[in-house]
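Structure first, commentary second.
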Amino acid sequence: MTDIEHGNLLSRGVAEIIVEQEFIQLLKSGRSLRLKEGFDPSAPDIHLGHAVGLRKLRQLQELGHKVILIVGDWTARIGDPSGQSATRPMLSESEIEANAQTYMEQFFKVVDRDRTEIRWQSEWFDKFTLDTVIRLMSKFTVAQILAREDFSNRYRSGNPISLAEMLYPLLQAYDSVAIEASVEFGGTDQKFNCLLGRELQQIMGQTPQHVFFTPILAGTDGTQKMSKSLGNYIGIAEPPEEMYGKVMSLPDSLLTQYFELTTDVPDEEIAQFREQLNAQTVNPMDLKKRLAREIITQFHGKQDADKAEENFTRVFQKRELPEDIPEYGFAASSIQDGLYHLDVAPTLLREGIVQSNSELKRLLAQGAVELDGKKVNTSAINARDGSVLKVGKRHFVRIVIK
RNA sequence: GGAGGGGUGCCGGAGUGGUUAAUCGGAGCAGUCUGUAAAAUUGCCGCCCGUUGGGCUUCGUAGGUUCGAAUCCUACCCCCUCCA
């Protein structure tokens, strides 16, 4: 059994625990805790940023605690106020169902399914009447809700805040009441909502939950938080090669943070990395390769990690051809001396390798298209059967004459 | 109900009758360099074509004025602030 105070359970991957001392006592008491984790079914993909918290959940599950996963089918209709998109179309039930499915497939890559209870918000919110809603709302004041940082920012800068959005924190808080959560999990950006849960539980005569905040992981751009809408994320269900590439393109400055939050590499070793980086006795690239392997091994297994590394070395470092190149059939208009004359534009467009003809023209003009290692400047080419076309940095196409 | 301000490309944000497919910044893409890091540097960044050029469609929506509109007029829709 993990030593609660001496391991890194309460230090690594933890931003803040409220109330910390009480939480420690609770852990020591040997009671099985109910760990609340919510998810928004409008964005079903889980990325490394989410994984930080999920890994923590897993760790606690191993100590015998239970995860209550809440499918936010009602809050999804409102839309997360921290999101930029003002109004999101309401998801249909079947969309939510499908998203939840996808989400859980990914969720249980990290979290233990057997120690998880899945609850839907609709279990309790479907029964709400206007009366219930009003009574819930009457427990809080506008000033209280406006105290939330992003609300007050938006209010000050004259951006709209819908009343429905203001309801969002209340619904999330009520979830804690509904499932009698003893601990809520969330990123530090969830601070307001989680604390409101504490308050509401107290008002409704329950023991207020403790809150376990996990740090926000920086995205691949190195500055903003990892998020799907910003496009700076590494999804845990992405193919190994994609993950490897994305990890390698991370800014060096993120290295130790990533080791700490997304891998099980021991603290001592990470401390060593940090020293080596400071002293410049190690090539950050090598550490990054290690990081990529660690991450991919977690989500795909060691074999895939090795393969992804091989592929990376081959394609991007040695600039050779990848092992597997997707084949596409092309119809040639004529043949001369074993060379087929054909236009690759329609196929590239159809396969989505380029978004438009204009884009392809641009790429051609900029020298981003190669046929068997030689730059070409027109989409009408003379190719062999089996020639390889490279479009941009990462698209490879094997030409098969049909 | 009243007064005022505003809706421009992925985002921010100029532009108030013609040389504007629309200044600039960010993001993105591509070339060189390289460790698919950073920094640097160059180009692209609505769509289509016979591509040193031509065409089409864009500035909340729908009409109108004009040789010509993102820019003027009318109606409508949406957003923000203040007063009640």
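Just so we're on the same page: letters track the sequence lines, and every chain starts at 1.
If you check the side chains of A:Asp306 and A:Gln303, you find no donor sitting under 3.5 Å from an acceptor.
The same atom, C1', is picked in B:G9 and in B:G5; the two are 23 Å apart, to the nearest Å. For the P atoms, the distance from B:G60 to B:G43 is 31 Å, rounded to whole Å. Nucleotides B:C59 and B:A69 have their P atoms positioned 12 Å apart, rounded to a whole Å. Separating the C1' atom of B:G46 from that of B:C73 is a span of 29 Å, rounded to the nearest Å. Atom name P, nucleotides B:A3 and B:G26: the rounded distance is 43 Å, in whole Å. For the C1' atom pair drawn from B:C67 and B:A14, the interatomic distance equals 28 Å after rounding to whole Å.
Spacing between atom CG of A:Leu254 and atom P of B:U36 amounts to 18 Å, rounded to whole angstrom units. Distance A:Glu359 CD to B:G28 C1': 11 Å, rounded to the nearest Å. At whole-Å resolution of the value, CG in A:Leu291 and P in B:U36 are 16 Å apart. A straight line from CG of A:Leu364 to C1' of B:C48 spans 16 Å, rounded to a whole angstrom.
Judged by closest nucleotide on RNA chain B, A:Phe316 is the one of A:Asn357 and A:Phe316 placed further toward the 5' end. Both A:Glu242 and A:Gly367 lie near RNA chain B, and the one whose nearest nucleotide falls closer to the 5' end is A:Gly367.
Across all strands, A:Lys246 comes closer than 4.0 Å to no nucleic acid atom at all (heavy-atom distances). Here A:Lys289 lies out of heavy-atom contact (under 4.0 Å) with every strand. Within 4.0 Å (heavy atoms only), A:Pro251 reaches sugar-phosphate atoms of the nucleic acid but no base atom.
Remark: B:A3 base-pairs with B:U81. Criterion, Watson-Crick or G-U wobble with two distances under 3.5 Å. The nucleotide B:G28 finds its pairing partner in B:C44, both defining distances of the Watson-Crick or G-U wobble pair being shorter than 3.5 Å.
Taking only distance into account, the side chain of A:Lys361 meets the base of B:U51 through a donor-acceptor pair shorter than 3.5 Å. A:Asp252 contributes a side-chain N or O that forms a donor-acceptor pair with the base of B:G35 under 3.5 Å.
Look at A:Ser356 and you'll find a side-chain N or O under 4.0 angstrom from OP1 or OP2 of B:C48. Using a 4.0 Å cut-off, no side-chain N or O of A:Arg362 falls inside it from OP1 or OP2 of B:U51. Contact between the side-chain N/O atoms of A:Gln317 and the OP1/OP2 oxygens of B:U36 is found at a separation under 4.0 Å. Here A:Lys375 reaches the OP1 or OP2 of B:U32: one of its side-chain N or O atoms lies under 4.0 Å away.
Of the candidate nucleotides B:A37, B:C29, B:U36, B:C29 has the atom nearest to the side chain of A:Leu363. Checking B:C47, B:G31, B:A37 against every side-chain atom of A:Ser249, the shortest atom distance belongs to B:A37.
Taking the six-membered ring for Trp and the full ring otherwise, the centers of A:Phe213 and A:Phe185 sit at least 6.0 Å from each other. Ring centroids of A:Phe39 and A:Phe107 are separated by 6.0 Å or more, keeping the two rings apart.
Using cut-offs of 30° and 60° on the angle between ring planes, the pair A:Phe125 and A:Phe128 is perpendicular.
A salt bridge links A:Glu260 with A:Arg274; the closest basic N to acidic carboxylate O contact falls under 4.0 Å.
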### Task
Take A:Phe108 and A:Tyr103 through the test ring pair (Phe, Tyr, Trp, His ring centres under 6.0 Å) and record every step on the way to the result.
CA-CA 9 Å; A:Phe108 292 124; A:Tyr103 183 92; 8.8 Å; no
